[in-house]
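All remarks here apply to the structure that follows.
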Amino acid sequence: MKIQTALLSVSDKTGIVEFAQALAQRGVKLLSTGGTARQLLDAGLQVTEVAAHTGSPEILDGRVKTLHPKIHGGLLARRDSAEHLDTLKEHGIDRIDLLVVNLYPFRETIAKPGCTFEDAIENIDIGGPAMLRAAAKNHGTPAGGVAVVIDPTDYTRVLADIDTLGAPSYGLRLELAAKVYAHTAAYDGAIAAYLTSLAQREPAQNETPERSPWPGVLTLQARRQQVLRYGENPHQTAAFYIDHPVRAGLLGSYRQLQGKELSYNNIADADAAWECVRSFQSSACVIVKHANPCGVALGDGPLQAYQQAFKTDPTSAFGGIIAFNRPVDEATAQAVSGQFVEVLLAPGYSSEALAVFAAKKNVRVLEVPQGGGHNDLDIKRVGGGWLVQNPDDFQVPADAFKVVTEKAPTETQMRDLMFAWKVAKYVKSNAIVFVGNGMTLGVGAGQMSRIDSARIASIKADNAGLTLQGSAVASDAFFPFRDGLDVVADAGATCVIQPGGSVRDDEVIAAANERGLAMVFTGTRHFRH
């Protein structure tokens with residue numbers, strides 16, 4: 001069955017005029033609505049407005065315009081049913097063989113600063129999803145059916161099939177129908193999530209104050225960004241899905257400037273590096289290996305920050321992920337090129353820096369725009385379910401830091417303690433981080449015992465030829481016994497920052513006083529599993 005009539009009504013006008021022109025050249029009658037119709041008419045195309053086609057004007061400020069038998073009958077009539085086709089003829093309804101619709105930009109609207117509830121509600125599309133679902137349901141059989149398009153990137157494929165077959169093939173129609181239902185499911189999910197978030201903030205009448213902040217049903221949507229080379233291991237397949245839209249500053253907004261395809265581990269490690277480095281206000285560099293920072297430093301610029309970060313653990317930095325929170329210049333690029341690196345991340349690169357990296361074609365160079373975006377949810381898959389929490393983005397207020405020892409940290413020590421505390425947040429628990437003068441000196445991560453993490457951090461500093469005399473130490477959770485504190489004191493630490501909260505806090509504080517250490521409690525822990 002050749003395409004006779006197409007209905008076009010889109011919020012994303014990308015390529016719509018050119019597509020409509022191509023359809024008209026192939027003898028397809030065009031129906032349209034609102035702004036799409038005006039744009040096509042302005043382009044000199046012959047277009048029939050839906051109101052003229054149905055004989056019913058748009059009403060209720062445009063809320064009702066396509067909800068009409070002449071639209072839905074034309075979309076839903078089975079092409080292989082003589083009875084259906086006779087019914088269309090009886091009621092003077094033309095077939096609609098091609099539907100081109102994308103929906104009111106609800107997600108984009110609620111993402112705008114200052115979006116009102118009224119704006120959000122008016123951007124909930126009604127007629128669009130109804131038409132999409134009708135057309136997708138009636139994608140038909142190999143003998144014929146409706147083709148439905150939501151994505152401008154599919155226009156050329158539809159035209160190619162029209163030119164060779166007279167209409168989109170059954171395989172293409174089926175693929176496009178599946179795409180529609182994924183799209184409408186995500187659209188409805190976004191609306192459900194938005195309204196649920198409001199409902200959680202506005203207790204219903206007669207509800208108790210103990211109302212849960214979590215919805216009874218959690219809806220998640222993501223768009224496939226790319227199929228990855230493999231998963232954590234080569235025998236696993238994997239893909240990267242992103243939010244739509246991605247918030248500014250998050251890794252999902254990256255642009256790859258050069259290098260091999262990214263792997264699952266590349267993206268996981270890159271996210272760990274980027275989240276850590278963007279938490280600093282000063283120029284910083286973070287080197288990550290197997291999801292843990294192995295070197296972090298501040299500097300006057302990216303070059304100095306990189307050089308100091310690299311000193312922490314040159315062995316682990318081999319084949320690592322390197323992130324900067326400042327644009328990378330030529331001098332920094334030259335220094336980084338002296339080591340084997342898997343992925344580079346920065347908010348920008350000078351043309352000279354890109355020329356340096358071009359000589360290392362396999363290095364993945366990612367540009368990530370800066371911004372303050374954060375994820376609403378932190379999600380972990382477990383057998384038969386999901387663990388969901390809000391992200392660990394709590395900022396401890398300045399007045400919550402409490403000096404608990406006889407000796408108080410100096411101003412320099414306090415700067416190092418704050419730096420160490422920030423790094424420890426991104427190290428797998430149990431985490432112990434030694435720092436000095438704005439750079440990490442030893443990092444102990446992911447051990448079952450906090451004392452083992454402290455020992456490993458000390459060993460790594462020694463292996464790198466770094467002294468821990470006079471260093472500051474952060475522990476992501478409390479010291480349960482004094483033994484861990486004794487290890488860091490024996491290594492040369494003079495001040496410690498930790499959450500506190502152990503039943504043996506008094507014992508640990510006494511040990512710090514005995515060893516002449518200054519110690520600060522934060523009242524907040526940073527487990528990272």
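Taking a 6.0 Å sphere around CG of Asn437, one finds it holds 12 or fewer heavy atoms contributed by other residues, nucleotides or ligands. Dense packing is recorded around NZ of Lys260, with more than 12 heavy atoms of other residues, nucleotides or ligands lying under 6.0 Å away. The number of heavy-atom neighbours closer than 6.0 Å to CZ of Arg255, taken from other residues, nucleotides and ligands shown, is 12 or below. Within a 6.0 Å radius of NZ in Lys422, more than 12 heavy atoms belonging to other residues, nucleotides or ligands are found.
The shortest non-hydrogen separation linking Ala424 to Ala474 is CB-CB, 4.0 Å. Heavy-atom minimum distance, Ser253 versus Val246: N-CG1, 3.6 Å. The two residues Ser475 and Pro499 make their nearest non-hydrogen contact at O-CD, 3.4 Å. When all heavy atoms of Ser316 and Lys289 are compared, the pair lying nearest together is O-NZ, 3.3 Å. Minimum interatomic distance between Ala472 and Asp416 (heavy atoms only, all atoms of both residues): CB-CB, 3.8 Å. Residue Tyr426 comes nearest to Glu275 through the heavy atom pair OH-O, 3.4 Å, listed as atom of the first residue, atom of the second, then distance.
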**OP:** Let me see the working for Lys460 and Leu441 under side chain to side chain contact (heavy atoms under 4.5 Å, CB included), right down to the final yes or no.
**Re:** CA-CA 8 Å; Lys460 292 182 84 62; Leu441 300 172; over 6 Å; no

Original post:
Is there a side chain to side chain contact (heavy atoms under 4.5 Å, CB included) between Val368 and Leu251 once you walk through the steps?
Top reply: CA-CA 6 Å; Val368 187; Leu251 179 71; 4.3 Å; yes

Original post:
Yes or no on salt bridge (Lys or Arg N to Asp or Glu O under 4.0 Å) for Asp490 and Arg515, after CA distance, side-chain angles and deciding distance?
Top reply: CA-CA 9 Å; Asp490 289 343; Arg515 302 299 299 266; 2.6 Å; yes

Original post:
For Phe310 and Gln339, what are the C-alpha separation, side-chain angles and deciding distance, and is it a side chain to side chain contact (heavy atoms under 4.5 Å, CB included)?
Top reply: CA-CA 10 Å; Phe310 184 76; Gln339 72 159 104; 3.4 Å; yes

Original post:
Are Phe394 and His526 close enough, and set up right, to give a side chain to side chain contact (heavy atoms under 4.5 Å, CB included), and what steps lead you there?
Top reply: CA-CA 10 Å; Phe394 177 71; His526 283 304; 5.7 Å; no

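With Ile150 as the partner, the side-chain contact (heavy atoms from CB on, under 4.5 Å) test is satisfied by one option alone out of Val101, Leu132, Leu103, Leu176: Leu132. Checked against Thr440 for a side-chain contact (heavy atoms from CB on, under 4.5 Å), the options Leu466, Val423, Val427 give a single hit: Val423. For the pairing with Asp476, the side chain to side chain donor-acceptor pair (under 3.5 Å) check across Arg528, Lys428, Arg450, Arg525 returns one residue only, Arg450.
Annotation: the span from Arg381 atom CZ to Trp386 atom CH2 amounts to 4.5 Å, rounded to 0.5 Å. The line from CD of Glu330 to CG of Leu303 is 11.5 Å long, rounded to the nearest 0.5 Å. With rounding to the nearest 0.5 Å, the separation of CG in Asp119 from CD in Glu122 is 8.5 Å. To the nearest 0.5 Å, the span separating OG1 on Thr412 from CG on Leu417 amounts to 11.0 Å. To the nearest 0.5 Å, atom CE of residue Met439 and atom CZ of residue Phe434 are 13.5 Å apart. A distance of 5.0 Å separates CD of Glu232 from OH of Tyr264, quoted to the nearest 0.5 Å.
For Phe527 and His529, the ring centers are positioned less than 6.0 Å apart. Between Phe280 and Phe419, the distance from one ring center to the other falls under 6.0 angstrom. Taking the six-membered ring for Trp and the full ring otherwise, Phe106 and Tyr194 have centroids separated by under 6.0 Å.
Between the side chains of Thr522 and Gln498, no donor-acceptor pair is found at a separation under 3.5 Å. No side-chain N or O of Asp269 forms a donor-acceptor pair with one of His290 less than 3.5 Å apart. Under 3.5 Å, the side chains of Asp151 and Thr153 contain a donor-acceptor pair of N or O atoms. Donor-acceptor pairing under 3.5 Å is lacking for the side chains of Tyr230 and Glu261. Residues Asp329 and Ser350 have side chains that never bring a donor and an acceptor to within less than 3.5 angstrom of each other.
When atom types are taken as modelled, the side chain of Asn430 and the backbone of Gly446 share no donor-acceptor pair closer than 3.5 angstrom. Side chain of Trp421 to main chain of Val473: no donor-acceptor pair is present (N/O by atom type, distance under 3.5 Å, no hydrogens or angles). No donor-acceptor distance shorter than 3.5 angstrom exists from the side chain of Asn233 to the backbone of Gln236, with no hydrogens or angles considered. For the pair Glu514 (side chain) and Ala511 (backbone), a donor-acceptor distance under 3.5 Å is absent. Gln334 contributes no side-chain N or O that, together with a main-chain N or O of Thr332, makes up a donor-acceptor pair within less than 3.5 Å. The main-chain N or O of Thr312 is never found under 3.5 Å from a side-chain atom of Gln308 such that the two would form a donor-acceptor pair. In this structure, Glu367 contributes its side chain and Gln256 its backbone to no donor-acceptor pair below 3.5 Å. No donor-acceptor pair closer than 3.5 Å links the side chain of Lys361 to the backbone N or O of Ala358. Side-chain atoms of Asn102 come within 3.5 Å of backbone N or O of Asp12 as a donor-acceptor pair. Asp452 places no side-chain N or O within donor-acceptor distance of the main-chain N or O of Ser449, the cut-off being under 3.5 Å.
Looking only at side-chain heavy atoms (C-beta outward), Leu517 and Leu485 come within less than 4.5 Å of each other. At least one side-chain heavy atom of Asn513 sits less than 4.5 Å from a side-chain heavy atom of Ile509. Within the 4.5 Å cutoff, the side chain of Leu366 has no heavy atoms near those of the Trp274 side chain. Side chains of Ser263 and Leu228 form no contact here, defined as non-hydrogen atoms less than 4.5 Å apart. You'll find the side chain of Arg364 stays beyond 4.5 Å of the side chain of Gln258, heavy atoms only. Ser337 has its side chain within reach of Lys360: a pair of non-hydrogen atoms, C-beta onward, lies under 4.5 Å apart. By the 4.5 Å heavy-atom criterion applied to side chains, Tyr349 and Pro327 are not counted as neighbours. By the 4.5 Å heavy-atom criterion applied to side chains, Val520 and Val404 are not counted as neighbours.
One finds no salt bridge joining Glu175 and Lys179 here, because no Lys/Arg side-chain nitrogen approaches an Asp/Glu carboxylate oxygen to under 4.0 Å.
The aromatic rings of Phe340 and Phe318 sit tilted, their planes meeting at an angle between 30° and 60°.
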